[in-house]
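Counting starts at 1 for both ligands and their atoms, following the listed order. In this text the structure is predicted, and so the values were computed from the model without any measurement.
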Amino acid sequence: MTSPPVTRLAPSPTGALHLGNARTFLVNWLLARQAGWRIVLRIEDLDGPRVKVGADRLLIEDLRWLGMDWDAGPTYQSERNDAYRAATERLIAQGDAYPCICTRKEIETAASAPHAEDGAAVYPGTCRGRFESAADARIAAGREPAIRFRVPTTPISFVDAFAGPRTYANPEKELGDFVIHKNDGLAAYQLAVVVDDAVAGVTEIVRGDDLIDSTPRQILLYTALGMADCIPRYTHLPLVVGPDGRRLAKRHGDTRLATYRAAGVPVALVLQLLATWCGIANIGTPGTAADLVGRFDLARLPHIPIVATDKVI
Ligand SMILES: [Zn+2]
């Protein structure tokens, strides 16, 4: 007997669920419930200072309000640092990772640093081969170093289930050596999700296409950690944007689900709008997310961003 595919809903408790991220979670949930994938709920609460107390509870209430459910979890990334640390130690021992003491400012002002598509400076590799060990780096800097993954020069390709084939011909220059453990001792996003997804047996990742450049980095980590056969299938979705073309956020007004709930807005109204954004027309008044399962078709999802109008609800 083969085990069913597994996906995860992975909200960050750094803010409330709003219409934009609710729609990404809904597509993920609909795909899972259509195809019989197991769903794991994971709270990505590693971003120390930005995590808001109680936000995890609100996110869970919001997802439940829409009628979404899951088969396991919630698990919390903040409880898993030992596993992340073990992975980082292994990568250092293999020569796939090294300590870095550069400040953000130093990286940004490095004359040769090209810029990645997301606008962040590509790390120019200053600390490659610079220190014998993390302890040496600590002594040189007088503080804890970050740990970076050494990106190889070999091209990386993958086929996204929605966005199509992608190739990074020169990952060393396009991505740069990226941080896997921050100098505050916490694992960085790229490493944490790979370790967690592998442990949970995740085979299907559905997320916003703002994260598409994370995918080659995560593929590199799977490979370096000896888990190349666990690399999941990726489905990256166009985001919901405001009338100005920027990602839906606070500046576009309050579209938090908690606000709608508190104001007594019927869930049917919110689901109707989200259904339209999922490419489902004329749904009537859905009572719960389950009413959309039979009507959803990924092939009908537009390949361009969804534009939310000024006053959405
Ligand atoms: Zn450095």
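Other residues sharing a hydrophobic cluster with Val179 under the 4.5 Å side-chain heavy-atom criterion for ILVMFWY residues do not exist; the residue is a singleton.
Under 4.0 Å is where a charged nitrogen must lie from a carboxylate oxygen, and between Asp160 and Arg166 no such pair does. Checked for salt-bridge contact, Arg42 and Asp197 meet the test: a charged N lies under 4.0 Å from a carboxylate O.
For residues 186-196, every residue pair satisfying the side-chain hydrogen bond (donor to acceptor under 3.5 Å, both in side chains) rule, not counting sequence neighbours, is listed here: Gln77-Asp196, Arg80-Asp196, Tyr84-Asp196, Tyr189-Arg207, Gln190-Ser214, Gln190-Gln218.
Excluding waters, the set of protein N, O or S atoms lying under 2.8 Å from the Zn ion (ligand 1) comprises Cys100 SG, Cys102 SG, Tyr123 OH, Cys127 SG.
Residues satisfying the side chain to side chain contact (heavy atoms under 4.5 Å, CB included) criterion with Val307, sequence neighbours excluded, are Val241.
Under a cut-off of 6.0 angstrom, the local environment of CZ in Arg104 is sparse, with at most 12 non-hydrogen atoms contributed by other residues, nucleotides or ligands.
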